[in-house]
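Fair warning: this is a prediction, and the values are worked out from it, not measured in the lab. Note that the numbering runs from 1 along the sequence shown for the chain.
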Amino acid sequence: MTQKMASVQWHSRYRNYAAELQCCRLEAIGLETGEYHPLKPITVTESKTKKVGRKGSTSSTSSSSSSSVLDPLSSVLDGTDPLSMFAATAEPLTTVANMDNGRKKREREEISAVGSDFEPWPSKRSAILARYTTTEKLSINLFMGSEKGKATSPVSAVSEKVRTRLEELDDLEEGSQKELLNLTQQDYINRIEELNQSLKDAWASDQKVKALKIVIQCSKLLSDTTVIQFYPSKFVLITDILDTFGKLVYERILTMCVDNRGSLPDNFNPDDASDTAKETCLNWFFKIASIRELIPRFYVEAAILKCNKFLSKTGISECLPRLTSMIRGIGDPLVAVYARTYLCRVGIEVAPHLKENLNKNFFDFLLTFKQIHGDMVQNQLVAQKVEIPLYLTLYSPAIDWILQCIAYRAPEVLLTEMMERCRKLGNNALLLNSVMSAFRAEFIAARSMEFIGMIKECDESGFPKHLLFRSLGINLALADPPENDRLQILNEAWKVITKLKSPQDYINCAEKWVEYTCRHFTKREVNTVLADVIKHMTPDRAFEEAYPQLQSIIGKVIDHFHDFSVLFSVEKFLPFLDMFQKESVRVEVCKCILEAFIKHQQELTKDPVILNALLHVCKTMHDSVNALTLEDEKRMLAGLINGFIRMVSFGRDFEQQLSFYVEARSMFCNLEPVLVQLIHSVNQLAMETRKVMKGNHSRKTAAFVRACVAFCFITIPSLTSIFSRLNLYLHSGQVALANQCLSQADAFFKAAVSLVPEVPKTISVDGKMRSSETFLLEFLSNLFSTLLIVPDHPEQGVLFLVRGLLNVIEDYTWEDNNDDKIRIYTSVLHLLSAMSQETFLYHVAKVDSNDSLYGGDSKFLTEINKLCETLIGQILDHLKTLGKDETLKRQSQLALSLFHSTLAHGDLRNNKLNQLAVNLWNLAQKHGFADTKTLVKTLEYIKKQSSQSEMQHFSELAQRLPLQSRT
């Protein structure tokens, strides 16, 4: 069989492409009205079942249908769906359940007046710990009780057990002292965290008295203000322990209420609690009541305030006023205000509807506010060398929280009352700042001029005015003031801001007012603000310490100026960017600008102001790339730059467009995706020129197209990705061919062919190494499709590009365990068969392909047939090498593939080619690896084709193609 195969000469069959296309079209079949069609809407029969009573059965059933065609399921069930019947039966129960759920939901909503718009305490925790720090040494004094009287034997009598517990509680006040001195801030934090863990461990091991001891002693630490600037952070750490204790006690009592009915609902009544739970709850409150010192007694009771729910409905509402009154006994105003903070914090969690207590705590604080200037506090500050402005800032977290609780969803009239109280206290700056921070921005903005007047009257020695203006600016960034007041507000604020000497104070305040300026004013005012920022932040390179604030300013300006011609015409915008001297920060700012441009620029632009500014921005991003830059970062930068390039258009000024691309190539040469984008853009530009000129090429147009082609030919070799180069050579060659630049097209195709030997065996795809042969096959298939219409060069000989490509394929080192080389030869066989037709399947306008140049010349056809014979010989030789057991399946697949190619492209009226087809058919199924379904379908196709007049020889062929059984 092999000898017969070796002597085969190829003869391509004549193809009538138009007739073949018509033959392949689907046959249209008429559809009678009313006949079933899969896309016709389905008619569904609706069944309605009525129920007459809770225990009764269905009394009537009604069915309605919009058509005589019934749903098969409905017809089977006589119009009654059993699921519908069940749903109808269960409807009253479902309704009751829904009503019950709705009632519970309403009850929860009535009880819980705090929503997601309320900023919880944990979100403030980290900010307080970060702000209030110290370098001084700290100490912890703990009286953890003596070890006398510990239970060494079981106590059986209840009275003895109670007596022992009472002794242990007394021991809390009289025990041994444990003092930790000279602790750093971190040591102190670590020690408090250890105590928190000790509390949990003691509770888990059923040592409830020990747990209470820990909580009491930790609470006592809140009376210590020896390192006063650390007090807010100490309060946060200690109250974490109190929160843990309160949660443990509540959950312990809650578990005692579990019975056969399950656990209690969230909104349970005291009557639902068991007697054991109530007794245990009272026991805890009695224990706490026996604590002698005020501060630990207050804090521990506040921690378990929620447990009052087990005793009575009014327990919490009765305890809150009493605890509020207890705070009046605390002499230190700082300690007292944080005690009020904790009570408000617990109160808003367990009873958010009890607003009166919140107001009472704040008004009590106002009454005692004068203590801050008393001798006790002043002496304490002198002893610790703390200035009054720093001391006042210690109150901010406490007052802010209390006012936040009060102002939450409060009416505007409450703000009026608060402002009046502030006036009575002489417009105290600390209180005024907290009021502006707590109430809704809409309320504050509407009274902006009133607040400015109050700020002017404040005493600046205790609390700087610029912080007040900063708080006002934050509100005005969220809500708009009256239109007639806007300019005056800005002028009044900026008079204060611009006089600040400290660059940090200045930038912290100015940052908040930039957004207000951008929202309500033009580029003139924005330019003035930017100029003032540059003036203040440039001396002594103060901007180096304010990059976050400067970035925020740029972001706000960009967010409000979506017209980039206006933005870049702001005189001080680009000088402002020059302050970002740190490369990483500068690149982030440039990314922000470019992202905004890509997002908001609606139309293509050629505005020189925009182009010059963004080229500078893109250049900054490009120049940041170095050997250490991650690939993901490179892709991001390239994507942004490409987005900008795609938005640039000079309309029909093609030369100016090309000049822009040339400039961009010189600026972004280190980012390969940008170069790829530029090549695609230039190719598109060349095609657009051809389209606009409608094929009427003048010398100037031809010269321009050649310039585009030259741009691509020069740029492609600078790419590192070999498949990017191959595909761009092919694409650029196609563009050159479409523009009748034949010599340039030949140059691109030659470059692509000469590059094939350099393709490595593996390439990186998404960070993983993969075989390159799949990508190479795809490229070569595309190249073959193009070579069909490429005319031969008059000086290079017949099919010089095809011959050159075959030589490259022959010399390329292919993997031994696949047949990619043979698949390529088969594709070339298809190409050569298409070239042998009198008229090619497709053409390029105004380009004479080989069918026009040779006109079916016999010498040309002879050359094609010789190449085909050579390729078939190579394929058959390869089939011989696959005769081993481990490669028989591959042999079968290749034989069937070549059979299909012969069937589709060969002239099977030629006896030798006909015999080749039969031999390939037999070889494909010789060892039982062929797919029988494929063989059957192929044979059916041959028989069907034989009915055509020009394909009658297929009938004889079909008789020579047996189907072998595998048995």
Asker: Is the ring pair Phe118/Trp401 parallel, tilted or perpendicular, if the boundaries are 30 and 60 degrees?
Answerer: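 Plane angle over 60°, so perpendicular.
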
Asker: Calculate, to the nearest 0.5 Å, the distance between atoms OH and OG1 belonging to Tyr299 and Thr239 respectively.
Answerer: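 Reported to 0.5 Å precision, the distance equals 8.0 Å.
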
Asker: Just checking, Arg340 and Phe362: is the charged tip under 6.0 Å from the six-membered ring centre and within 45° of the axis?
Answerer: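 Ring-cation test returns no.
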
Asker: Is any side-chain heavy atom of Ile214 less than 4.5 Å from a side-chain heavy atom of Asn196?
Answerer: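 Heavy-atom side-chain distance check fails, nothing below 4.5 Å.
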
Asker: May I ask you to check whether Thr134 and Gln185 show a side-chain donor-acceptor distance below 3.5 Å?
Answerer: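 Side-chain D/A pair, Thr134 to Gln185: absent.
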
Asker: Heavy-atom distance under 4.5 Å between the side chains of Thr368 and Pro333, does that happen here?
Answerer: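 The answer is no; the side chains never approach within 4.5 Å.
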
Asker: Is there a donor-acceptor pair under 3.5 Å between the side chain of Thr280 and the backbone N or O of Thr276?
Answerer: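 Side chain of Thr280 to backbone of Thr276, a donor-acceptor pair under 3.5 Å: yes, one is there.
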
Asker: Take Asn428 and Cys422 through the side chain to side chain contact (heavy atoms under 4.5 Å, CB included) test and state the conclusion after the steps.
Answerer: CA-CA 6 Å; Asn428 182 271; Cys422 286; over 6 Å; no

Asker: Under 3.5 Å, is there a donor-acceptor pair between the side chain of Lys355 and the main chain of Cys405?
Answerer: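 Confirmed, Lys355 side chain pairs with Cys405 backbone.
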
Asker: Determine the minimum heavy-atom distance between Cys509 and Arg470, stating which atoms define it.
Answerer: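 Heavy-atom minimum between the residues: SG-N, 3.8 Å.
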
Asker: For the residue pair Thr324 and Asp364, confirm or rule out a side-chain donor-acceptor distance under 3.5 Å.
Answerer: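 The criterion, which ignores hydrogens and geometry beyond distance, is not satisfied for Asp364 and Thr324.
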
Asker: Less than 3.5 Å apart, any donor N or O on the side chain of Ser205 or Gln207 sitting next to an acceptor on the other?
Answerer: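 Yes, Gln207 and Ser205 have a side-chain donor paired with an acceptor closer than 3.5 Å.
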
Asker: Take atom CG of Asp275 as the centre, draw a 6.0 Å sphere, and report whether it contains more than 12 heavy atoms from other residues, nucleotides or ligands.
Answerer: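 Not buried by this count: 12 neighbours or fewer within 6.0 Å.
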
Asker: Does a salt bridge link Arg297 with Glu301, judged by any charged N lying under 4.0 Å from a carboxylate O?
Answerer: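 Salt bridge between Arg297 and Glu301, a charged N being under 4.0 Å from a carboxylate O: no.
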
Asker: Quick one: side chain to side chain contact (heavy atoms under 4.5 Å, CB included) partners of Arg440, sequence neighbours excluded?
Answerer: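 Partners of Arg440 under the side chain to side chain contact (heavy atoms under 4.5 Å, CB included) test: Glu442, Phe443.
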
Asker: Output, in order, the C-alpha distance, side-chain angles, deciding distance and verdict of side chain to side chain contact (heavy atoms under 4.5 Å, CB included) for Trp513 and Ile489.
Answerer: CA-CA 10 Å; Trp513 281 87; Ile489 291 171; 3.7 Å; yes

Asker: With distance as the sole test, does Thr133 use its side chain to make a donor-acceptor pair with the main-chain N or O of Leu129 at under 3.5 Å?
Answerer: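 Judged by distance alone, no pair lies under 3.5 Å.
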
Asker: Specify the closest pair of heavy atoms between Pro481 and Ser448, including all atoms of both residues, with the distance to one decimal.
Answerer: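 Heavy atoms of Pro481 and Ser448 come nearest at CB-OG, 3.8 Å.
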
Asker: Looking only at the side chains, is there a donor atom on one of Tyr338 and Asp332 sitting less than 3.5 Å from an acceptor on the other?
Answerer: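 No donor-acceptor contact under 3.5 Å links the two side chains.
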
Asker: For Gln380 and Thr225, test the side chains for any donor-to-acceptor distance below 3.5 angstrom and give the result as yes or no.
Answerer: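 Gln380 vs Thr225: donor-acceptor pair found between side chains.
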
Asker: Should Ile189 and Glu193 count as side-chain neighbours, where that means a heavy-atom distance under 4.5 Å?
Answerer: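 Yes, side chains in contact.
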
Asker: Please state whether the rings of Phe230 and Tyr188 are parallel, tilted or perpendicular, taking 30° and 60° as the class boundaries.
Answerer: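 Judged by the thresholds at 30° and 60°, the geometry between Phe230 and Tyr188 is perpendicular.
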
Asker: Evaluate side chain to side chain contact (heavy atoms under 4.5 Å, CB included) for Arg252 paired with Trp203, printing each intermediate quantity in order.
Answerer: CA-CA 10 Å; Arg252 168 64 176 165; Trp203 192 272; 3.6 Å; yes

Asker: Give a yes or no on whether Asp375 atom CG has more than 12 heavy-atom contacts from other residues, nucleotides or ligands under 6.0 Å away.
Answerer: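 At most 12 heavy atoms, drawn from other residues, nucleotides or ligands, come within 6.0 Å of this atom.
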
Asker: Could you tell me whether Glu279 atom CD has more than 12 heavy atoms of other residues or ligands within 6.0 Å of it?
Answerer: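 Atom CD in Glu279 is not packed in, count stays at 12 or less.
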
Asker: If you draw a 6.0 Å radius around CD in Gln197, do more than 12 non-hydrogen atoms from other residues or ligands fall strictly inside?
Answerer: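 Check passes, neighbour count above 12.
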
Asker: Taking only Lys NZ, Arg NE, NH1 and NH2, and the carboxylate oxygens of Asp or Glu, determine whether Asp400 and Lys124 approach each other closer than 4.0 Å.
Answerer: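 Salt bridge between Asp400 and Lys124, a charged N being under 4.0 Å from a carboxylate O: no.
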
Asker: Working note: Phe365 + Phe369, criterion ring pair (Phe, Tyr, Trp, His ring centres under 6.0 Å); need CA distance, chi angles, decisive distance, verdict.
Answerer: CA-CA 6 Å; Phe365 164 70; Phe369 190 72; 5.4 Å; yes

Asker: Considering residues at least two apart in sequence or located in another chain, which fulfil the side-chain hydrogen bond (donor to acceptor under 3.5 Å, both in side chains) criterion with Tyr395?
Answerer: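 If we apply the side-chain hydrogen bond (donor to acceptor under 3.5 Å, both in side chains) test to Tyr395, skipping adjacent residues, the hits are Tyr391.
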
Asker: Just wondering, are more than 12 heavy atoms of other shown residues or ligands nearer than 6.0 Å to CD in Glu545?
Answerer: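 No, CD of Glu545 has 12 or fewer neighbouring heavy atoms, counting only those of other groups under 6.0 Å.
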
Asker: Does Glu251 come within less than 4.0 Å of Lys306, counting only side-chain N to carboxylate O?
Answerer: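 The answer is no: the pair does not qualify as a salt bridge.
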
Asker: CD of Glu194: more than 12 outside heavy atoms within 6.0 angstrom?
Answerer: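 Yes, CD of Glu194 has more than 12 neighbouring heavy atoms, counting only those of other groups under 6.0 Å.
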
Asker: Looking at the rings of Trp284 and Tyr250, which for Trp means the six-membered one, are their centres under 6.0 Å apart?
Answerer: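 No, the ring centres sit 6.0 Å or more apart.
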
Asker: Determine, step by step, whether Thr184 and Glu136 satisfy the side chain to side chain contact (heavy atoms under 4.5 Å, CB included) criterion, reporting the C-alpha distance in whole Å, the side-chain angles of both residues, the deciding distance to 0.1 Å, and the verdict.
Answerer: CA-CA 7 Å; Thr184 64; Glu136 296 186 26; over 6 Å; no

Asker: Please determine if Lys278 forms a cation-pi arrangement with Phe310, meaning its NZ or CZ atom is less than 6.0 Å from the six-membered ring centre and no more than 45° off the ring axis.
Answerer: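 Relative to the ring axis of Phe310, which defines the angle, Lys278 lies outside at least one limit.
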
Asker: Between the side chain of Lys465 and the main-chain N/O of Lys456, is any donor-acceptor distance below 3.5 Å?
Answerer: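 Looks like yes, one N/O pair under 3.5 Å.
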
